[in-house]
Amino acid sequence: MAFSKGLIFAMIFAVLAIVKPSEAALDAHYYDQSCPAAEKIILETVRNATLYDPKVPARLLRMFFHDCFIRGCDASILLDSTRSNQAEKDGPPNISVRSFYVIEDAKRKLEKACPRTVSCADVIAIAARDVVTLSGGPYWSVLKGRKDGTISRANETRNLPPPTFNVSQLIQSFAARGLSVKDMVTLSGGHTIGFSHCSSFESRLQNFSKFHDIDPSMNYAFAQTLKKKCPRTSNRGKNAGTVLDSTSSVFDNVYYKQILSGKGVFGSDQALLGDSRTKWIVETFAQDQKAFFREFAASMVKLGNFGVKETGQVRVNTRFVN
């Protein structure tokens with residue numbers, strides 16, 4: 001069959017349009033030659049830290065979310081503030097992230113094994129996967145090859161979705177990061193591990209609205225339990241709060257089961273049940289943990305690819321630009 005020269009060019013262009021170099025930049029085997037022990041070093045560091053401090057998994061997972069949501073996954077959350085600039089880690093939403101020392105420890109070991117090779121951004125992404133797996137959740141191959149950012153601004157943390165968002169606001173926030181409605185509900189399931197301070201949910205417990213003292217979407221008995229954990233007194237401990245689900249050290253689907261029972265801690269969690277766009281996903285994951293695990297792994301890869309810097313520096317120290 002004879003083809004015209006124009007048709008041949010059109011076919012070549014179509015193939016080139018499908019194969020986009022930017023989509024092939026990250027690779028699960030990126031360090032196989034340059035630093036083959038990288039993932040083992042990170043896993044051992046994370047595992048040891050978790051044995052020492054059970055709060056580490058939730059904090060490292062939150063670190064990954066917060067880092068990727070601001071400027072893409074570029075480890076800007078690790079940079080220290082300076083006299084002329086307040087960095088992300090000191091922005092209000094990141095006060096509770098902590099556990100930066102775990103990433104710093106892993107990075108120091110990596111610099112000894114493979115100097116100037118493994119980016120801080122990749123360390124965070126791998127550590128987030130490892131804490132999920134160590135907590136009983138799914139495993140996935142982390143795509144690697146990110147470079148580290150050089151800019152970190154505390155005022156940009158206002159772009160993180162707060163626990164007071166409704167479903168429409170959540171959908172818009174996640175869509176701005178290339179994530180679907182299902183991705184949003186799936187990644188919200190990261191709340192299955194962790195703890196929240198009273199300040200993130202106490203507005204649901206009293207003077208909620210003109211017509212309701214307590215958020216009507218919240219289970220009444222559950223609200224009374226939370227009130228006892230968050231008394232309205234000036235001498236309340238700074239660590240007062242609650243776990244985000246009843247098996248907070250285990251990565252499972254209990255988070256979704258609690259939402260079905262009106263026991264979502266954050267308003268943004270419980271709102272997922274009241275909207276037809278998200279309710280069916282909550283119900284599906286509450287019934288099928290394997291489906292949740294499968295979707296969570298896929299959504300984490302998707303989030304990890306958002307706004308990735310493929311050129312730039314590999315920071316030697318997590319806290320400072322080279």
Side-chain angles (χ1 to χ4, degrees), residues 38-39 41-83 85-114 116-135 142 144 146-160 190-191 193-197 200 238-239 241 249 300 303-304 307 309 312-322:
E39 295 206 42
I41 289 171
I42 296 168
L43 174 59
E44 290 178 350
T45 303
V46 170
R47 181 188 287 121
N48 291 336
T50 299
L51 292 173
Y52 173 76
D53 181 1
K55 294 179 181 178
V56 163
R59 288 173 173 174
L60 292 186
L61 186 57
R62 189 182 305 128
M63 185 188 298
F64 173 76
F65 285 148
H66 285 204
D67 184 52
C68 294
F69 255 75
I70 301 301
R71 291 181 159 264
C73 308
D74 68 347
S76 55
I77 195 172
L78 300 178
L79 290 171
D80 280 356
S81 294
T82 64
R83 288 184 178 181
N85 177 67
Q86 187 179 34
E88 284 174 36
K89 65 167 60 169
D90 294 320
N94 285 332
I95 297 301
S96 62
V97 173
R98 303 175 188 172
S99 294
F100 295 107
Y101 73 90
V102 182
I103 305 299
E104 291 171 8
D105 188 23
K107 179 61 174 172
R108 278 193 296 268
K109 293 173 182 175
L110 288 166
E111 283 302 307
K112 289 182 180 179
C114 323
R116 297 177 179 271
T117 301
V118 183
S119 68
C120 299
D122 279 345
V123 176
I124 294 176
I126 294 168
R129 185 272 315 278
D130 288 345
V131 295
V132 168
T133 305
L134 289 169
S135 300
V142 175
K144 298 169 283 289
R146 299 165 185 79
K147 293 299 183 287
D148 297 324
T150 58
I151 298 171
S152 183
R153 300 189 180 112
N155 62 3
E156 292 183 351
T157 60
R158 63 176 176 239
N159 295 322
L160 292 168
H191 290 164
I193 56 175
F195 176 91
S196 172
H197 293 97
S200 294
K238 64 179 181 179
N239 292 321
S249 62
M300 285 290 282
L303 175 59
K309 292 174 176 60
Q313 64 178 234
V314 171
R315 295 205 299 266
V316 175
N317 188 310
T318 63
R319 299 164 60 186
F320 310 106
V321 174
N322 292 347

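Nearest heavy atoms, Ala49 versus Val102: CB-CG2, 3.7 Å. Taking all atoms of both residues into account, the shortest heavy-atom contact from Val118 to Val314 is O-CG1, 3.4 Å. Smallest separation of non-hydrogen atoms from Met63 and Ser99: CE-O, 3.9 Å. A pairwise comparison of heavy atoms in Ala154 and Ala87 identifies CB-O, 3.2 Å as the closest pair.
Scored by the side chain to side chain donor-acceptor pair (under 3.5 Å) test, Glu39 finds Arg129, Lys144 as partners (sequence neighbours excluded). Residues satisfying the side chain to side chain contact (heavy atoms under 4.5 Å, CB included) test with Glu111, not counting sequence neighbours, are Lys107, Pro115, Arg116, Val316. When the salt bridge (Lys or Arg N to Asp or Glu O under 4.0 Å) test is applied to Lys147, no partner is found at least two apart in sequence or on another chain. Annotation: salt bridge (Lys or Arg N to Asp or Glu O under 4.0 Å) contacts of Arg47 (sequence neighbours excluded): none. Considering only residues two or more places apart in sequence or on other chains, Ser135 meets the side chain to side chain donor-acceptor pair (under 3.5 Å) condition with none of them. Residues forming a ring pair (Phe, Tyr, Trp, His ring centres under 6.0 Å) with Phe320 (at least two apart in sequence, or on another chain): none. For the salt bridge (Lys or Arg N to Asp or Glu O under 4.0 Å) test, no residue two or more places apart in sequence or in another chain qualifies with Arg315. For Ser249, there are no side chain to side chain donor-acceptor pair (under 3.5 Å) partners two or more places apart in sequence or in a different chain. Residues satisfying the side chain to side chain donor-acceptor pair (under 3.5 Å) criterion with Asp80, sequence neighbours excluded, are Lys89, Arg319.
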For residues 64-71, run the donor-acceptor check on the side chains, cut-off 3.5 Å, and write out each pair with its distance to 0.1 Å, sequence neighbours left out.
unit_1	atom_1	unit_2	atom_2	d
His66	ND1	Asn94	OD1	2.5
Asp67	OD1	Ala75	N	3.2
Asp67	OD1	Ser76	N	3.1
Asp67	OD1	Ile77	N	3.2
Asp67	OD2	Asp74	N	3.2
Asp67	OD2	Ala75	N	2.9
Arg71	NE	Glu156	OE1	2.9
Arg71	NH2	Glu156	OE2	2.9

Using a 3.5 Å cut-off and no angle test, enumerate the donor-acceptor pairs between side-chain atoms of residues 50-59 and protein atoms at least two apart in sequence or in another chain.
unit_1	atom_1	unit_2	atom_2	d
Thr50	OG1	Val46	O	2.9
Asp53	OD1	Lys55	N	3.0

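No donor-acceptor distance shorter than 3.5 angstrom exists from the side chain of Asp105 to the backbone of Tyr101, with no hydrogens or angles considered. Under the 3.5 Å distance criterion, the side-chain polar atoms of Thr318 are left unmatched by any main-chain donor or acceptor of Glu104. Ser152 places a side-chain N or O within 3.5 Å of a backbone atom of Glu88 that can act as its donor or acceptor partner.
Two residues are said to be in side-chain contact when any heavy atoms from C-beta on lie closer than 4.5 Å; Val321 and Leu79 meet this criterion. A 4.5 Å side-chain heavy-atom check between Thr157 and Gln86 finds every atom pair outside the cut-off.
Ile124 contributes atom CD1, which lies 12.0 Å from atom CG of Leu61 (distance to the nearest 0.5 angstrom). In this structure, CD1 in Ile103 is found 5.0 Å from CG in Leu60, a value given to the nearest 0.5 Å. Between atom CZ of residue Arg146 and atom SG of residue Cys120 there is a gap of 12.5 Å, rounded to the nearest 0.5 Å. A distance of 8.0 Å separates CG of Asn322 from CG of Asp148, quoted to the nearest 0.5 Å.
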